[in-house]
Amino acid sequence: MARNKLLCTFLYKLGVTMTIDSLKNILHHRRPRIIDDQNVIHAAVAVPLVTIDGEDHILFTVRSSKLRWQPGEISFPGGHCEAEDSSDAQAAIRECTEELGISAEAIELLGPLDCLVSAIGVRLHAVAVKLHTLDFYPSQEEVQEVFTVPLDVLRNMEPIEGRVEVGTKPMEGFPHHLLQDYKIDWKLRQSYGVYFYLYNDYVIWGLTGRVLKNFLDIYDGRIK
């Protein structure tokens with residue numbers, strides 16, 4: 001890809017006109033990117049399953065109050081995808097090892113869930129994993145608490161659903177004079193569901209609630 005870019009720059013400086021065949025060759029060898037209108041965070045999480053006394057549970061973490069982003073909220077182990085991560089799944093597993101204090105050998109990758117592109121600027125990849133240990137040594141910097149919920153309890157739970165609207169409004173300096181009859185107030189673009197799962201004193205919601213719902217829908221065959 002870098003070689004094609006250098007070639008295009010070289011030809012441009014020489015005044016050489018790009019041909020359709022040259023364009024075809026460049027397009028064939030380049031990897032398409034997602035064009036984002038915002039600085040989207042690329043992240044990955046793991047939905048960890050553990051077996052306790054013969055019963056399957058899902059593990060959650062409570063984020064440390066020291067964290068700047070969503071302190072004290074319930075989440076799945078996860079975080080930013082780093083350049084050294086070979087895949088989204090590898091990023092999620094790495095975060096599991098760091099947050100739970102376990103080895104990668106104790107984590108079995110079950111497979112990918114659906115990718116969530118959030119209106120708040122997060123592209124979140126999720127995977128399901130099986131943890132083959134119950135000996136956790138949570139990171140004190142990232143994790144305040146670890147708890148589990150029986151899988152069957154979550155499967156039989158009807159989440160409370162709220163809705164959030166997403167809109168747009170032109171900022172100062174927007175060239176309104178180029179557009180006739182363009183309204184400058186807020187415009188509703190879409191709405192999406194926010195799911196709340198209540199278990200004892202825990203409220204599971206936000207991106208974690210949406211990932212959990214996706215996992216349960218796949219598990220129970222509501223979506224393929």
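- Counting heavy-atom neighbours within 6.0 Å of Q140 CD, excluding the residue itself, gives a total of 12 or less.
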Practice prompt. Take L59 and L49, measure what side-chain contact (heavy atoms from CB on, under 4.5 Å) needs, and give me the verdict at the end.
Written response: CA-CA 6 Å; L59 180 144; L49 286 93; over 6 Å; no
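- When all heavy atoms are compared, the tightest approach of P150 to E55 is CB-OE2, 3.5 Å.
- Rounding to the nearest 0.5 angstrom, the gap separating the CD1 atom in I20 from the CG atom in N25 is 14.0 Å.
- Interatomic distance, CG of L100 versus OG of S139, reported as 9.5 Å (0.5 Å rounding).
- No donor-acceptor contact under 3.5 angstrom links the side chains of H125 and D114, judged on distance only.
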Discussion item. Quick one, D85 with R94, criterion side-chain contact (heavy atoms from CB on, under 4.5 Å). Give me CA distance, side-chain angles, the key distance, then yes/no.
Written reply: CA-CA 8 Å; D85 294 323; R94 174 182 54 76; 2.8 Å; yes
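- Under the 3.5 Å distance criterion, the side-chain polar atoms of E99 are matched with a main-chain donor or acceptor of G78.
- The distance from the CH2 atom of W186 to the CZ atom of R189 is 11.0 Å, given to the nearest 0.5 Å.
- At least one side-chain heavy atom of L216 sits less than 4.5 Å from a side-chain heavy atom of R222.
- A continuous path of hydrophobic side-chain contacts links I160 to V153 [ILVMFWY only; heavy atoms under 4.5 Å].
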Discussion item. Applying side-chain contact (heavy atoms from CB on, under 4.5 Å) to K130 and V50, what does each step give before you reach the verdict?
Written reply: CA-CA 6 Å; K130 175 67 182 293; V50 294; 5.6 Å; no
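- Annotation for A46 and F76: closest pair O-CB, 3.2 Å, computed over non-hydrogen atoms.
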Discussion item. Applying side chain to side chain donor-acceptor pair (under 3.5 Å) to S75 and T61, what does each step give before you reach the verdict?
Written reply: CA-CA 5 Å; S75 68; T61 64; 3.1 Å; yes
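- Ionic pairing of D152 and R155 is present here: one or more N-O contacts between side-chain nitrogen and carboxylate oxygen are shorter than 4.0 angstrom.
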Practice prompt. Assess whether side-chain contact (heavy atoms from CB on, under 4.5 Å) is satisfied between I58 and L154, documenting all intermediate values.
Written response: CA-CA 9 Å; I58 293 182; L154 291 167; 3.8 Å; yes
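- Counting heavy atoms from C-beta outward, D217 and Y219 have side chains that stay 4.5 Å or more apart.
- The two residues C115 and R123 come nearest to each other via the heavy atoms SG-CG, 3.7 Å.
- Within the 4.5 Å cutoff, no side-chain heavy atoms of R210 are placed close to those of W205.
- Proximity of Y192 to V166: side-chain heavy atoms (C-beta onward) are separated by under 4.5 Å at one or more points.
- At a threshold of 4.0 Å, the pair R163-E165 does not count as salt-bridged, since none of the basic side-chain nitrogens sits closer than that to a carboxylate oxygen.
- Under the 4.5 Å side-chain heavy-atom criterion for grouping Ile, Leu, Val, Met, Phe, Trp and Tyr, V45 is not connected to V117 through any hydrophobic cluster.
- Looking only at side-chain heavy atoms (C-beta outward), V203 and Y197 stay at 4.5 Å or farther from each other.
- In K24, the NZ atom is not crowded: 12 or fewer heavy atoms of neighbouring residues, nucleotides or ligands sit closer than 6.0 Å.
- Panel note: side chain T208, backbone I74; a donor-acceptor pair is recorded below 3.5 Å.
- Atom CG of L27 is separated from atom NE2 of H29 by 11.0 Å, given to the nearest 0.5 angstrom.
- With a 6.0 Å radius and a threshold of 12 heavy atoms from other residues, nucleotides or ligands, E84 has its CD atom above the threshold.
- Here the shortest heavy-atom pairing between H176 and P170 reads CE1-CB, 3.7 Å.
- In this structure, the separation between CD on Q90 and SG on C81 is 9.5 Å, given to the nearest 0.5 Å.
- Residues V211 and A126 share a closest heavy-atom pair of CG1-CB, 3.9 Å.
- We find the CG-NZ distance between L113 and K213 to be 13.0 Å, quoted to the nearest 0.5 Å.
- Nearest heavy atoms, A92 versus V127: CB-CG2, 3.7 Å.
- L212 is not listed as a side-chain neighbour of Y195, based on a closest heavy-atom distance of 4.5 Å or more.
- Aromatic ring pairs are classed by plane angle as parallel below 30°, tilted from 30° to 60° and perpendicular above 60°; the pair Y199 and Y202 is parallel.
- In this structure, L116 and V122 have side chains that are not in contact, with every pair of non-hydrogen atoms separated by 4.5 Å or more.
- Proximity of V149 to N200: side-chain heavy atoms (C-beta onward) are nowhere separated by under 4.5 Å.
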